[in-house]
There are 2 protein chains.
Amino acid sequence: MTQTKTDPRILRTRKLIMDSFIELSGKKDFKDITVKDITNAAMINRATFYYHFEDIYDLLEKVLLEVLLINLDYHDYENSKLDEETFINLFKAITKFQQSLSYRCHRSYEETIARIIREQLEVIFYKMLVKEHPTIEENVLKGTAVMLSWGLYGASVEWRRTSKKMTTPEEYIKSVLPFIKNGIGFVSGNGK
Amino acid sequence: MTQTKTDPRILRTRKLIMDSFIELSGKKDFKDITVKDITNAAMINRATFYYHFEDIYDLLEKVLLEVLLINLDYHDYENSKLDEETFINLFKAITKFQQSLSYRCHRSYEETIARIIREQLEVIFYKMLVKEHPTIEENVLKGTAVMLSWGLYGASVEWRRTSKKMTTPEEYIKSVLPFIKNGIGFVSGNGK
DNA sequence: GCTGATTTGTCGTATATCCAACACATCGAT
DNA sequence: ATCGATGTGTTGGATATACGACAAATCAGC
């Protein structure tokens, strides 16, 4: 499928900025990183930074989303059904993403990370639901996607908080699947 | 010492072009490399290429000079005298540079390489001569620099042609030093 | 709390780079 | 020799990026 072409300068400059930010994140906590640090490391002008990003928080979100998309891209689930395997894979992707972030800087923007994960999960669930249940009302599908994304994310929080050291992500998610499936069972017309 | 600042875009773009050219030179002979190849590999526009370089031959020369300058920079000889050690070091630098070029693409622009080596040697010799003999006529110093640069380069050609496999550059250059020193002996006022 | 240093965010202007178009040159297959 | 494909070199206009200046906000030391 054809894609609108982006000016190569934009691609290069954004990459410079994002790569510099990621590298700095390995050295300092997010709250100690300045726009000046980033523009110096990237060797670009401050005005150029602001041409591309609203501020450093905008950059953070976009970097996190880009890194997340490596693990959690709808295209990887386009041909999947909302079944046990899919939930296991999504859960593993979330936990992998969380683990891939540098421990030191993670804590400063955990809320942003959480929101980004949930939003991406919501997008994926919604698209899968639309595909499997095209005749169901959009509001219902939206609500289901919200519930599923918060639920799965919540499971990852609990896993990290209580069970990380003794169970694998795969083992953990299986224990909460029956509840999740009941929700799915409703829209599939399956009985109690 | 302060240096006029170059626009970072210029630095980046030239580096993209030169790096792409060097990488392509490792894969194809020079005569098979096109401007289109380079601009594709560098992901820059053809007009931008022509903004920086007259043509592909101009690029070749500038790349070769830049690589040569890593081995043969006047700044490394600023505090040297025109003595045996200096000649040995210069000769080793020439032969090292020649060996660092990829064998396959070397043959296509050997003349350009030769000219660049001689020109750089001439610059270095001339500056050293001016420093050691400030009162001698410029024409004489120029001529001496020309003689020395052609001579040293010629020695490297002969070494590669006849003696490369059995002598080191250092051993070889020592055998031609007495002749070279006689020339130097003239401007130093030393006897026969 | 004060103060100097540093960073942020923005603006007008200049420059580097991009794009598409064009005419011409070169290349490779026939 | 011919012809279609490909590459070269150039141009005008558009866009992205740089620079320096400025006012305001934030930070760190006292």
Side-chain angles (χ1 to χ4, degrees), chain A residues 2-64 66 104-105 107-109 112, chain B residues 2-64 66 104-105 107-109 112:
Chain A
T2 99
Q3 204 168 352
T4 56
K5 200 169 176 357
T6 308
D7 193 304
R9 292 173 290 185
I10 290 184
L11 297 175
R12 272 199 292 273
T13 302
R14 289 171 92 106
K15 184 171 159 51
L16 283 171
I17 296 170
M18 288 181 151
D19 287 352
S20 297
F21 179 65
I22 290 169
E23 188 175 327
L24 281 160
S25 295
K27 295 171 182 167
K28 302 187 185 183
D29 200 67
F30 171 70
K31 65 174 170 47
D32 296 322
I33 296 172
T34 66
V35 168
K36 183 172 163 57
D37 287 333
I38 296 164
T39 55
N40 280 351
M43 290 192 269
I44 58 118
N45 196 261
R46 191 165 66 246
T48 306
F49 177 93
Y50 288 103
Y51 179 89
H52 289 270
F53 301 98
E54 301 239 352
D55 52 24
I56 200 167
Y57 304 101
D58 187 27
L59 169 62
L60 170 64
E61 288 200 34
K62 282 165 172 146
V63 163
L64 288 173
E66 183 170 298
R104 180 163 61 168
C105 54
R107 207 167 292 266
S108 299
Y109 41 83
T112 304
Chain B
T2 100
Q3 204 168 352
T4 54
K5 198 171 177 352
T6 308
D7 193 305
R9 293 173 290 184
I10 290 185
L11 297 175
R12 270 197 293 274
T13 302
R14 288 172 92 107
K15 183 171 159 54
L16 283 171
I17 297 170
M18 288 181 151
D19 287 352
S20 296
F21 179 64
I22 289 169
E23 187 174 328
L24 281 161
S25 294
K27 295 169 180 169
K28 302 187 181 183
D29 201 66
F30 171 70
K31 63 175 173 44
D32 295 322
I33 296 173
T34 65
V35 169
K36 182 172 166 56
D37 286 334
I38 295 165
T39 56
N40 280 350
M43 291 191 269
I44 60 117
N45 197 262
R46 190 166 65 250
T48 305
F49 177 94
Y50 288 102
Y51 180 88
H52 289 270
F53 301 98
E54 302 241 352
D55 53 23
I56 198 166
Y57 304 102
D58 186 27
L59 170 61
L60 171 63
E61 289 199 32
K62 281 162 173 149
V63 163
L64 287 173
E66 183 170 298
R104 182 166 59 167
C105 53
R107 205 167 294 267
S108 299
Y109 42 84
T112 303

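What you see below is based on every heavy atom in this structure, not just the backbone, and it leaves out hydrogens, waters and symmetry mates. Each chain gets a letter, A, B and so on, in the order its sequence line appears, and its residues count up from 1.
- Of the possible donor and acceptor atoms, none in the side chain of B/Asp29 sits under 3.5 Å from a partner among the backbone N and O of B/Asp32.
- Within the 4.0 Å cut-off from OP1 or OP2 of D/dA16, not a single side-chain nitrogen or oxygen of A/His52 is found.
- Shown are A/Tyr50, A/Phe49, A/Tyr57; of these, the ring-ring contact (aromatic ring centres under 6.0 Å, His included) with A/Phe53 is made only by A/Phe49.
- Along DNA chain D, the nucleotide closest to B/Ala47 and the one closest to B/Lys36 are compared, and the more 5′ of them pairs with B/Lys36.
- Atom pair B/Phe53:CZ and D/dT10:P shows a separation of 15 Å (rounding to whole Å applied).
- Taking atom CD1 of residue B/Ile56 and atom C1' of nucleotide C/dA25, one finds them 15 Å apart after rounding to whole Å.
- Remark on DNA chain C: of its neighbouring residues A/Glu54 and A/Asp7, the 5'-side contact belongs to A/Glu54, judged by nearest-heavy-atom nucleotide.
- Between the C1' atom of D/dT26 and the NZ atom of A/Lys31 lies a distance of 15 Å, rounded to the nearest Å.
- Atoms CE (B/Met43) and P (C/dC18) sit 11 Å apart, rounded to a whole Å.
- The phosphate of D/dT17 (OP1 or OP2) has no side-chain N or O of A/Tyr51 nearer than 4.0 angstrom.
- Within 4.0 Å (heavy atoms only), B/Asn45 reaches at least one base atom of the nucleic acid.
- In this structure, B/Tyr50 does not reach the D/dT10 phosphate: none of its side-chain N or O atoms is under 4.0 Å from OP1 or OP2.
- Partner of B/Ile17 under the side chain to side chain contact (heavy atoms under 4.5 Å, CB included) criterion, out of B/Val35, B/Val63, B/Leu59: B/Leu59 alone.
- Using a 4.0 Å heavy-atom criterion, one finds that A/Arg14 contacts no nucleic acid atom at all.
- Under 3.5 Å, the side chain of A/Arg9 and the base of C/dT17 form at least one donor-acceptor pair of N or O atoms.
- The distance between atom CG of A/Asn40 and atom C1' of D/dA18, rounded to the nearest whole Å, is 14 Å.
- Atom CD1 of B/Ile33 is separated from atom C1' of D/dT6 by 17 Å (rounded to the nearest Å).
- At least one donor-acceptor pair closer than 3.5 Å links the side chain of B/Thr39 to the backbone N or O of B/Lys36.
- Taking atom CZ on B/Phe49 and atom P on D/dT11, their separation rounds to 16 Å, with Å as the unit.
- Here B/Glu66 does not pair with B/Lys62 in a salt bridge; the nearest charged N to carboxylate O distance is not below 4.0 Å.
- Between the CG atom of B/Asp55 and the C1' atom of C/dT26 there is a distance of 15 Å, rounded to whole Å.
- Listed pair B/Thr48 / C/dC18 meets the phosphate criterion, a side-chain N or O lying under 4.0 Å from OP1 or OP2.
- Between A/Arg46 and D/dC22 there is no side-chain polar atom (N or O) within less than 4.0 angstrom of OP1 or OP2.
- Remark: B/Lys5 is not in phosphate contact with D/dA18, judged by side-chain N or O atoms under 4.0 Å from OP1 or OP2.
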